[in-house]
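We name chains A, B, ... by the order of the sequence lines, and we start the count at 1 in each one.
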2 protein chains.
Amino acid sequence: MLNTVLKAGQVLDLFDKQNPEWGVSEVATELDIPKSSAHSLLASLAQIGLLRHGEGGRYRLGWKMLNFGQIVIDTTEFRVESRAVMEQLAAQYRETIHLAVLDDGVVVYADKLQGQQAVQVAVTGLGVRLSPHCSAVGKVLLSHQPWPWVREIMEKQGMPKFTDNTITDVDRFQEELLQVREQGFAYDLEEAVPDLCCVAAPIYDYDSEVVASLSMSIPAYRFERAKKEYRGAVIRACQKISRNLGYMEFISSYRKKAANK
Amino acid sequence: MLNTVLKAGQVLDLFDKQNPEWGVSEVATELDIPKSSAHSLLASLAQIGLLRHGEGGRYRLGWKMLNFGQIVIDTTEFRVESRAVMEQLAAQYRETIHLAVLDDGVVVYADKLQGQQAVQVAVTGLGVRLSPHCSAVGKVLLSHQPWPWVREIMEKQGMPKFTDNTITDVDRFQEELLQVREQGFAYDLEEAVPDLCCVAAPIYDYDSEVVASLSMSIPAYRFERAKKEYRGAVIRACQKISRNLGYMEFISSYRKKAANK
DNA sequence: TACCCCTGTTCAGTTATTCTGAACAATCCT
DNA sequence: AGGATTGTTCAGAATAACTGAACAGGGGTA
């Protein structure tokens, strides 16, 4: 591992929505490195376009980040395939639809659609990273990962309690994941945000790997009324996307048999 | 300048919409470096999340890029201010609206709206980088930069001919920029794409700096009919955005006088 | 207006890293 | 099953990064 690149990564990670602008001295004190080291890191990152230094010598994330982000969006196969199905769902139910993936143990929103105002949609909240233990998509994605790995992640990240329903016990979480995997969908019953429920299902690719998860978010009072219908719609949507990605169920079950031999 | 970071930048620049996936050996031969060097670069970039290595050990841009791109979008002041005005323009004229900035001598689309289908809009073509000599936004942005610097950029990048109207002569381009700066707007009369015309104007910030340019793109036959109206609409939109950013014209003229002393 | 303090930037010697090329392991294709 | 890819590892040789003090440029204040 190249030490210099790792340091550069630490520098980049400082830039977030709350602190989009950093000076050399600030970075130096924050990372506890000499001013000159911070300077060469920032200057080099600016030279390759990942940062830019505008007025006052302060640094911001560069426009190339926009470019790279867009490439991610445009070249992710399941994202392209999901789009049409997501729009259909959003149009029919007028609820918020999320498409999420697992990245280094956290849930990342790869796409988002709102039923109401169509315009702002695809941009807001995209790329947001959050802990997976309290969301339907997180449960779905983790349920298809080996438990020891999941356990390690949970211990490393912790399982913060956001509402009374948040699962904070590791063993309880394992049971939940087993059930999710078994039944092929997951609920989030006000576990992350009060009064907000979600239902999510897995998206498989041609290799029968779970590559993403799609969810619909619904206010609790409305969710209770038609839980089954929402669930069915999400599951059918995921099946349709999976099929478009080349997933075939019978091959999957065949491979499971082969693996168990 | 940190050599390692520069190398990392070269690696990242390989990833584009046409080649979103690279292996170690491919990178090594492409950049003419030993396989092991390519490996440590890719592995390190993957560790900090800028890349990810999925199936087959091949590497792709990481999900963190989406995150960073989104931060750029959400924390760019003029972009936030422009949004409402752009939507208004798009709704009224039903034509494509672009918001562009200058980054290292090239034009970058910071936002894009289409009048017709509202949904796909904000995502398509965002972050795209193109040469500035054949677009209205490019002319506007360059017209507010010192000519020697612009000349250098033009000589480095070249001025490729896309249509019969493309300006390919440097001296001719200088005249054009002088006029654009003087009149406060720029046309693109089928200079980049046949049958496509644009009109663009500058967006000033509180410091009287040109930070971006907004343009409207219209099919040539329609553009000829109402050139003046389109021009007026774009200029008024830019003035409104500039004012929201704290730009005040009288301060600008005051500073010009002070600078000329 | 002049001062002071805090910026970002540069530089050269010391230190620690990266770079390299060959050997290994795993995978795909024939 | 074989051959030729691929990605990965390792230890010595070469080179880069790290440091801390000195420099320069602004912004604010007295």
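At least one donor-acceptor pair under 3.5 Å links the side chain of B/Q157 to the backbone N or O of B/G105.
A 4.5 Å side-chain heavy-atom check between A/Q239 and A/Y247 finds every atom pair outside the cut-off. A heavy-atom distance below 4.5 Å is found between the side chains of B/T75 and A/R60.
Side-chain atoms of A/Q183 and A/Q179 form a donor-acceptor pair, as typed in the model, at a separation below 3.5 Å.
In this structure, A/L42 atom CG and C/dT9 atom P are separated by 9 Å, rounded to whole Å. The CD-P distance, from A/Q47 to C/dT9, rounds to 13 Å in whole Å.
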Where along nucleotides 3-20 of chain D does protein come under 4.0 Å, by heavy atom, of base (B) or sugar-phosphate alone (S), with - for untouched nucleotides? ---SBBB------SSSBB

Would A/I33 and A/L41 count as a side chain to side chain contact (heavy atoms under 4.5 Å, CB included) if you check the C-alpha gap in whole Å, the side-chain angles of each, and the deciding distance to 0.1 Å? CA-CA 11 Å; A/I33 55 177; A/L41 281 168; 4.1 Å; yes

